[in-house]
Amino acid sequence: MLLLASALAYPDEAGAAPRSGTAASPEVPATVGVKPPVAVAPANAATPAPDPDWATLARYDDGWARRETAGRVDIGRMGAAERLDAALEPGRLAAAELRRELETSQTGLQAFGIRADRLNAALNALEATRFSPTTRLVVSSYFTPGATHFGGTQDAPYPAGLDAAAIPARSRNAYPAANNANWGATVINYEVHLNLLTSFTGKDLLYTRLNSGNANRSAFAGNPYNLLTLDKSTAPRAGANVLEATRLHYRFPIGGEVTALVGAVARPTHEITALRPWFYGAEPGPPILDFFTLNGAPGTYNKATGAAVGAQWKQAVAEGRPYLAASASYVAPSSDAANTTDGDLGAGIAGRYSRGSLFGQVGIGGPGYVVAAAWRFGQCGLNFRRGTQFANQRQPCAPTGSGETAFSNNVAFTAAWQPASVSWLPSINLGWGASFLQQASALPVSTNSATNIAESQSWSAALFWRNLLGSGHAAGFAVGQPTFVIRLRDGRTPQDGNVAWEVWTALRVSDHITLTPSLFYLSRPNGQYTAPGKTSNALGAVLVANFRY
């Protein structure tokens, strides 16, 4: 509007050349560059209407018209339009330039948007592959109704005067009539495992297991003979029906072939071994007696549990090819005890009385077979897991200040084979073990004392049908000799033989329920503590109902 007002108030610059094809008008002043004077009227005076002088009007070819009246120059509409157009031209040029810049920017923004979309898609794909920490709860519950019957010719406790004082009271007073009175009733025990499996990367595992059970007053918790202990018969140390943490450890990979384990409560002989040396007892039907879970060598695979650290290596090979494996671990069952001088109480980690075990295993595995050798160094204060009452005693520690140490070296050799497909052929499992004890010379030695043991052995053989005749059920049979003494320090011949066997079939009711009826027998579980010339045995029947979810 300001531009229009200026154009109306002032004429074209004087002296401008007339348009092509026109004659100069005699009415146009000849002054150059001087605007005509403008008469200024008083503010309160009325402005008289101009008196048109039609004689001074000149017409041009292009319709351009001007006139000067009383010192004022008027232009026509065409002149005003031309001035307005000239005034707007810089704005149009600027607008065009801005439009070009916007078009260029728009092209860049579109390219940036495409790249941003691609980047966002890549981020979404990467996010989808990231592993989120997860925890899974797996519950296993076991009902174990069953009973044990004790038989034999021994009708009284171990005779006095035959070094009976060296025999623990429970073993000295264990004979058939007393055993049937104290432990012969039919019972129903239970065991429940709450397994918390947590992974932070998809390759590691934080394992927490909470156990409870009520076998404390049952024969199936190892009463009066440790060999009666079932694989599924929890007897919490704090009392029946108490929930306790029985596992708490973390497994993680180191590179592509090594896995490490560290934990406050772990069992390295079964949880960080290079190889599982037996096929017997794999799902769906576990062994019945705890002895038959120990690969024929209880002294080596002794299930020592406590604070532990370990690592296993497994050769990376193509699937179906043989591979080598090795493992090593340390466990301190008395890691929670701070006493440093009492061998009966145990003491911390890597101490004189920690009851620690160093365990190592090497072997080779392949499609359907495994062969392994293992060794365990055990400090004093540990027993040998399962054996006769004589052989399975804790190894006594040397007296404080004696300067001596008591320990054991334990070895095991195992081999197992299973058919490649479902067949009437079972898997075949063999295991043998030996323990060599270094006793403290400062402790007294008598025929029936634990300090008299110098060497013991064990063995077992087992058959396992994973899928019996294609029925989906499993079956197993195992026989062996749990740890028994073969050499005494005093040079006498030990009388410690015993044989154990079990037979069972696992009936898969559904994917979550399995029923396993079983029988087992122990020929002489008291070993050398059986009265001379007498017999004492045990026969048991158990139904194990497993609910897994």
Output, in order, the C-alpha distance, side-chain angles, deciding distance and verdict of side-chain hydrogen bond (donor to acceptor under 3.5 Å, both in side chains) for Ser446 and Asp163. CA-CA 7 Å; Ser446 62; Asp163 197 26; 3.2 Å; yes
Would you sort out whether Tyr549 and His512 count as a ring pair (Phe, Tyr, Trp, His ring centres under 6.0 Å), showing the intermediate values? CA-CA 6 Å; Tyr549 48 94; His512 304 285; 7.9 Å; no
From CA spacing to verdict: ring pair (Phe, Tyr, Trp, His ring centres under 6.0 Å), Phe359, Tyr301: CA-CA 9 Å; Phe359 177 82; Tyr301 294 96; 5.6 Å; yes
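A donor-acceptor pair shorter than 3.5 Å can be found between the side chains of Asn241 and Tyr190. Donor-acceptor pairing under 3.5 Å is lacking for the side chains of Asn383 and Arg385. Side-chain contact annotation: Gln389 with Asn226, donor-acceptor N/O pair under 3.5 Å present. Donor-acceptor pairing under 3.5 Å is lacking for the side chains of Thr530 and Ser536. Side-chain N/O atoms of Ser233 and Asn189 include no donor and acceptor closer than 3.5 Å. Checked by atom type, the side-chain pair Asn173/Tyr158 shows no donor-acceptor distance below 3.5 Å. Under the 3.5 Å distance criterion, with hydrogens and angles disregarded, no donor-acceptor pair is assigned to the side chains of Ser435 and Glu455. No hydrogens or angles considered: nothing links the side chains of Tyr175 and Asp155 as a donor-acceptor pair under 3.5 Å. In summary, the side chains of Lys303 and Thr293 do present a donor paired with an acceptor at a separation below 3.5 Å, with no hydrogens or angles considered. With 3.5 Å as the limit, one finds a donor-acceptor pair spanning the side chains of Ser449 and Thr451.
Across all non-hydrogen atoms, the minimal contact from Ser460 to Trp278 is OG-CH2, 3.0 Å. Taking both residues in full, the closest heavy atoms of Phe484 and Asp496 are given as CB-O, 3.2 Å, listed atom of the first, atom of the second, then distance. Between Ser354 and Ile349, the shortest heavy-atom contact is OG-C, 3.5 Å. Closest approach of Ala164 to Pro159, counting heavy atoms only: CB-O, 3.5 Å. Nearest heavy atoms, Val445 versus Arg489: CG2-NH1, 3.5 Å. Leu275 and Val371 make their closest contact through CD1-O, 4.0 Å (heavy atoms, listed as atom of the first residue, atom of the second, distance).
Around CD1 of Ile188, the count of heavy atoms belonging to other residues, nucleotides or ligands within 6.0 Å does not exceed 12.
Side-chain contact check for Leu228 versus Thr148: some heavy-atom pair is nearer than 4.5 Å. Contact annotation: the side chain of Gln312 never approaches that of Gln361 to less than 4.5 Å [non-hydrogen atoms, C-beta and beyond].
The six-membered or imidazole ring of Phe464 lies away from that of Phe279, with a centre-to-centre distance of 6.0 Å or more.
The aromatic rings of Tyr280 and Phe292 lie perpendicular to each other, with more than 60° between the two planes, well past the 30° mark.
Paired with Arg172 under the rule side-chain contact (heavy atoms from CB on, under 4.5 Å), one option of Asn448, Asn526, Ile167 passes, and it is Ile167.
In this structure, the separation between CG on Asn452 and CG on Leu437 is 11.0 Å, given to the nearest 0.5 Å. From Arg209, atom CZ reaches atom CG of Leu197 across 11.0 Å, with rounding to the nearest 0.5 Å. Distance check, rounded to the nearest 0.5 Å: OG of Ser329 to CG of Leu358 gives 8.0 Å.
In summary, Arg251 and Asp204 do not engage in a salt bridge, as defined by a charged side-chain N under 4.0 Å from a carboxylate O.
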